Amino acid sequence: GSWTWTDDDGTATAGTVDSGSSSATFSLCTGAGSCGTLYVDAAGSYHGERSWTLLDSSGTALASGVTDMTTTVCDGAVVALDPTLEPTTLEPTLEPTIPQPTSDLVCYTLYAEDSYGDGWDAGSWTWTDDDGAVTVGTVDGSETQFTLCPGSGGCGVLYVDGGGSYLTERSWELVDAAGSAIASGTANETATAVCDGVVVVDDTPSPTAGPTPAPTTPATDGATDDGTCYTLYAQDSYGDGWNGGSWTWTDDDGAVTVGTVAESLEEVTLCPGSGGCGVLYVD
């Protein structure tokens, strides 16, 4: 099963709750007319386990429901709620007003393509902003474009996986608000970190399976001038460790730290590089 958000400019974003997860959070933005339509399909099985809630920017719930529902929102209010209709292009009844973005908001456009025109099969991309909001999507035909916005710190990480087959047919390009391409690639399991319109970590390979050394603590001289580091709390609820799983921290100077959980909890200090950035990957 999956959900689809279509803003009133026609830009579509799709996502799902991954297997093994109980919940997920996504940021959805309206188009120039301040409207958008959310559709939650009824694919797959165990529909009774699924539910969703749509909140506005203040945290107030606007709508909630289960599968096979379409909800249209304009200017922060629900204008249509239909449990049976597929999403359609919105025709606002009121003269739309154009929202004024905050001065610091710089969003990007992801152009994702399949040269054969039959989609990305089981492959997908994931955008994670620096507030922790996650958006997931794929390509169903030959080309799809998506709007990706950073978090409050102006940063986000794009990861393109290598799921499925015919990986050589896939390509993508990340374009800034001025229309300039800032990164591109294929389905080769890469992570691209962007801060304030600048790529700070590009084409970092996903870690491959292998021995998982004990975590090491980076030297403090790799921290930013103000000494800002982070603490990673990695847990295993059963208490028997991650059983071959691991995490990888790559700072923007290219230094890599790898670790795992041996029993129930590990606490590790992670420091960014000279540019103040780093990417955490959990396999």
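Residue numbers run from 1 in the order of the sequence given. Because the structure is predicted, anything quoted here is derived from the model rather than measured. Scope of the values below: all heavy atoms of this structure, side chains included, with no hydrogens, waters or symmetry mates.
Heavy-atom minimum distance, Thr30 versus Asp8: C-OD1, 4.4 Å. Of all heavy-atom pairs between Asp131 and Gly151, the closest is OD2-CA, 3.3 Å. Of all heavy-atom pairs spanning Leu55 and Ala61, the tightest one is CD2-CA, 3.4 Å. Here the shortest heavy-atom pairing between Thr257 and Trp247 reads O-CZ3, 3.5 Å. Pairing each heavy atom of Gln235 with each of Leu265, the nearest pair is CG-CD1, 3.4 Å. Heavy atoms only, all atoms of each residue included: Asp68 and Ala42 are closest at CB-CB, 4.0 Å.
Here the CG atom belonging to Asp9 is positioned 10.0 Å from the SG atom belonging to Cys35, to the nearest 0.5 angstrom. Distance check, rounded to the nearest 0.5 Å: CZ of Arg170 to OG of Ser124 gives 9.0 Å. The CH2 atom of Trp120 sits 9.5 Å away from atom CD of Glu113, with the distance rounded to the nearest 0.5 Å. To the nearest 0.5 angstrom, Asp7 atom CG is 7.5 Å from Thr13 atom OG1. Thr138 contributes atom OG1, which lies 9.0 Å from atom CG of Asp114 (distance to the nearest 0.5 angstrom). Here the straight-line distance linking atom OG1 of Thr70 with atom CG of Asp41 works out to 10.0 Å at 0.5 Å rounding.
Inspection of the Asp56 and Ser58 side chains reveals an N or O donor paired with an N or O acceptor under 3.5 Å.
Taking 4.5 Å as the limit, every side-chain heavy atom of Val73 sits out of range of all side-chain heavy atoms of Leu38. Side-chain contact check for Asp196 versus Val106: every heavy-atom pair is 4.5 Å or farther apart. Side-chain contact check for Leu174 versus Trp125: every heavy-atom pair is 4.5 Å or farther apart. Here the side chains of Trp242 and Val282 are in contact, with some heavy-atom distance below 4.5 Å. For the pair Leu280/Tyr230, no side-chain contact is recorded, criterion being any heavy-atom separation below 4.5 Å from C-beta on. Using a 4.5 Å heavy-atom cutoff, the side chains of Trp52 and Thr67 are not in contact. The shortest distance between side-chain heavy atoms of Leu62 and Thr71 does not fall below 4.5 Å. Between Thr128 and Tyr159, the closest side-chain pair of non-hydrogen atoms is not below 4.5 Å.
Val139 and Tyr166 are assigned to two separate hydrophobic clusters, defined by single-linkage of ILVMFWY side chains at heavy-atom distances under 4.5 Å. Leu167 and Trp172 are members of different hydrophobic clusters when ILVMFWY side chains are connected at heavy-atom separations under 4.5 Å. Using a 4.5 Å cut-off between side-chain heavy atoms of Ile, Leu, Val, Met, Phe, Trp and Tyr, with links allowed through other members, Leu28 and Met69 fall into the same hydrophobic cluster. By the criterion of side-chain heavy atoms lying less than 4.5 angstrom apart, applied directly or through intervening Ile, Leu, Val, Met, Phe, Trp or Tyr residues, Tyr108 is grouped together with Val199 in one hydrophobic cluster. Put simply, Val17 and Val134 are part of two different groups of oily side chains (I, L, V, M, F, W, Y) that touch within less than 4.5 Å, one to the next.
SG distance check for Cys107 and Cys29: not under 2.5 Å. Sulfur-sulfur distance for Cys277 and Cys195: not below 2.5 Å, with no disulfide indicated.
Exactly one residue among Trp5, Phe146, Trp3 makes a ring-ring contact (aromatic ring centres under 6.0 Å, His included) with Phe26. That residue is Trp3.
Formation of a donor-acceptor pair under 3.5 Å by the Asp252 side chain with backbone atoms of Pro272 is not found in this model. Side chain of Asp121 to backbone of Gly163: no donor-acceptor contact under 3.5 angstrom is found. Without hydrogens or angle criteria, Thr25 side chain to Ala133 main chain gives no donor-acceptor distance under 3.5 Å.
Within a 6.0 Å radius of CD in Glu263, other residues, nucleotides and ligands contribute 12 heavy atoms or fewer.
With sequence neighbours excluded, no residue satisfies ring-ring contact (aromatic ring centres under 6.0 Å, His included) with Tyr116.
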